[in-house]
Amino acid sequence: MAAEHSGGATEYILHHQTFLANKAAKGIVDFSVINYDTVFFSVLLAVVFFLLFYLVARKASTGVPNRVQTFIEVIVSWVDEQVRDTFSGSSRLIAPLALTIFCWIFLFNFMDLIPVDFLPLVARGVGLEHLKVVPSTDLNATFAMSLTVFILIIFYSIRMKGIGGFIGELTLHPFNSKNVLVQALLVPINFVLESVTFLARPVSLSLRLYGNLYAGEMVFLLLAALTLQGISGLAHFSGWFFLVLQAVLALGWAIFHLLVITLQAFIFMVLTIVYLAMANEHH
Amino acid sequence: MNINLTLVVQMIVFALLIWGTMKWIWPPILSAMDERSRKIAQGLAAADRGEQALTEARGKADAIVREARERAGQIIDQAQHRANDLVEEARGTASAEGARIVAAAQQQIQLDTTRAREDLRREVAGIAVGAAGKLLGREIDPRKHADLLEQLAAQV
């Protein structure tokens with residue numbers, strides 16, 4: 001009985017962890033597979049973000065702004081302030097990039113607050129077996145963002161310091177010597193150390209976001225699993241107990257999660273600005 | 001969990017989204033905000049200027065009022081002086097005229113008195129001559145006794 005119950009929870013959670021993909025992947029990297037749900041929701045949220053901001057931007061009044069414009073302007077000026085505080089150079093890209101990152105990730109994460117079974121149930125209604133609604137619980141989505149940022153870091157580094165300067169930055173620190181022979185010995189060591197630091201940036205960016213949201217979703221799933229028996233469970237007192245317990249805990253976690261999703265979006269944005277500011281600096 | 005084509009699609013979507021934000025969202029919103037800041041700054045500067053102009057105008061108005069008051073005072077003083085002068089002058093003229101009239105009257109009186117006295121004397125002389133002629137019984141020839149008559153007349 002107990003084993004059967006735990007099997008049900010496992011199946012339930014695994015079911016929620018499966019993407020709506022064209023086919024099962026062979027191995028950890030398989031570029032013939034595509035997760036339709038991640039693409040669908042991220043594009044949908046991109047459209048939501050873009051339309052909301054674009055409609056305001058198109059009719060932006062220089063006089064007294066209306067409420068929606070005020071809201072958008074608060075976000076824009078806040079992002080602008082963050083960028084100005086950190087990024088000393090002038091770039092037309094950094095601030096829009098930061099705004100895009102913050103809003104898009106926030107919307108990704110916000111999908112986590114929709115009750116975990118709601119959209120998958122709707123999907124089942126139209127004949128889709130699996131549906132993962134939170135794009136930031138897909139490593140592909142988080143890595144796509146961090147890799148794009150990584151490419152921009154390399155681009156800014158090379159633009160600012162030249163290819164030689166960029167390579168020098170990777171090979172001449174932290175150890176250097178006046179002696180050419182000793183320096184030649186130190187170059188590989190420096191390269192290994194600096195490469196780790198350098199590559200850690202996109203990896204940590206994406207894994208931090210992914211990990212936080214994955215864990216958040218997992219807590220919601222575990223809480224939902226408390227009342228897995230459904231209506232039939234309400235025949236017993238324990239069923240009611242678990243129902244109330246799930247409601248209270250899920251509410252508490254959702255409130256706490258509001259902080260987490262905002263914070264994660266903020267961290268991703270700020271670290272992106274910091275990395276690009278570092279790339280854009282002269283040494 | 002695996003890495004798949006979604007990664008590439010997501011990167012393309014992300015890049016497009018950044019590009020769109022850079023092109024159509026960020027510049028108009030920021031320029032609207034900057035424009036508004038500029039307008040507000042202008043408004044505040046205009047208000048400052050207005051206030052300054054008001055202060056200046058008030059000062060100028062005060063100066064004009066003060067000047068007008070001084071001028072009015074001066075004019076009143078002048079008018080008063082002029083009035084005093086006129087009164088003095090009139091008084092002088094009047095007294096001179098009075099004196100002249102009095103003098104003329106006195107002269108007239110003198111003249112009349114003298115004339116009356118002459119007439120009286122002549123009459124008295126005539127009467128005296130008549131009376132004397134009657135007394136003497138003969139006629140006194142006024143032409144013969146002119147010097148006598150004259151003496152007589154002078155005594156009367």
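Reminder, nothing fancy here: chain letters follow the sequence lines and each chain counts from 1.
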Which bit of [X] is near chain B, if near means a heavy-atom gap under 4.5 Å: side chain, backbone, both or neither?
X      : value
A:F19  : side chain
A:T142 : neither
A:Y214 : neither
A:Q17  : neither
A:T137 : backbone

- Task: Select, from A:V43, A:D138, A:D80, A:N22, the one with the greatest count of heavy-atom pairs under 4.5 Å involving chain B.
- Result: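 Highest number of heavy-atom pairs under 4.5 Å: A:D80.
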
What distance separates [X] [atom1] from [Y] [atom2], expressed to the nearest 0.5 Å?
X      : Y     : atom1 : atom2 : result
A:L147 : B:L7  : CG    : CG    : 6.0 Å
B:M22  : A:I94 : CE    : CD1   : 10.0 Å
A:I101 : B:T21 : CD1   : OG1   : 10.5 Å

- Determine the minimum heavy-atom distance between A:A57 and B:I25, stating which atoms define it.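 Taking every non-hydrogen atom into account, CB-O, 3.8 Å.
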
- How far apart are the closest heavy atoms of A:G63 and B:K39, and which atoms are they?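 Closest approach of A:G63 to B:K39, heavy atoms only: N-NZ, 4.3 Å.
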
Quick check on [X]: does its [atom1] atom have over 12 non-hydrogen neighbours (other residues, nucleotides or ligands) under 6.0 Å away?
X      : atom1 : result
A:E129 : CD    : yes
A:F71  : CZ    : no
A:F110 : CZ    : no
B:Q52  : CD    : no

- Item | Top of B:L17, B:I29, B:D34 for chain A proximity - count of heavy-atom pairs under 4.5 angstrom |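 Answer, by heavy-atom pair count under 4.5 Å with chain A: B:L17.
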
[X] side chain to [Y] main-chain N or O, any donor-acceptor pair under 3.5 Å?
X     : Y     : value
A:D30 : B:L5  : no
B:N4  : A:I34 : no
B:T6  : A:N35 : yes
B:R36 : A:S61 : yes

- Task: State, with a plain yes or no, whether a side-chain heavy atom of B:N2 is found less than 4.5 Å away from one of A:V29.
- Result: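 They are not in side-chain contact.
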
- Query: Do the side chains of A:L93 and B:I18 get nearer than 4.5 Å, heavy atoms only?
  - Reply: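 Of all side-chain heavy-atom pairs linking A:L93 with B:I18, at least one is under 4.5 Å.
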
- Using distance alone, with no hydrogens and no angle criterion, decide if A:T38 and B:Q10 have a side-chain donor and acceptor under 3.5 Å apart.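 Side-chain D/A pair, A:T38 to B:Q10: absent.
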
- Answer with yes or no after comparing the ring centroid distance for B:W26 and A:F53 against a 6.0 Å cut-off, counting only values under it.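 Not close enough - the centres of the two rings lie 6.0 Å or further apart.
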
- Message: Parallel, tilted or perpendicular, judged at 30° and 60°: which one describes the rings of B:F14 and A:W104?
- Response: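 Rings of B:F14 and A:W104: parallel, as their planes differ by under 30°.
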
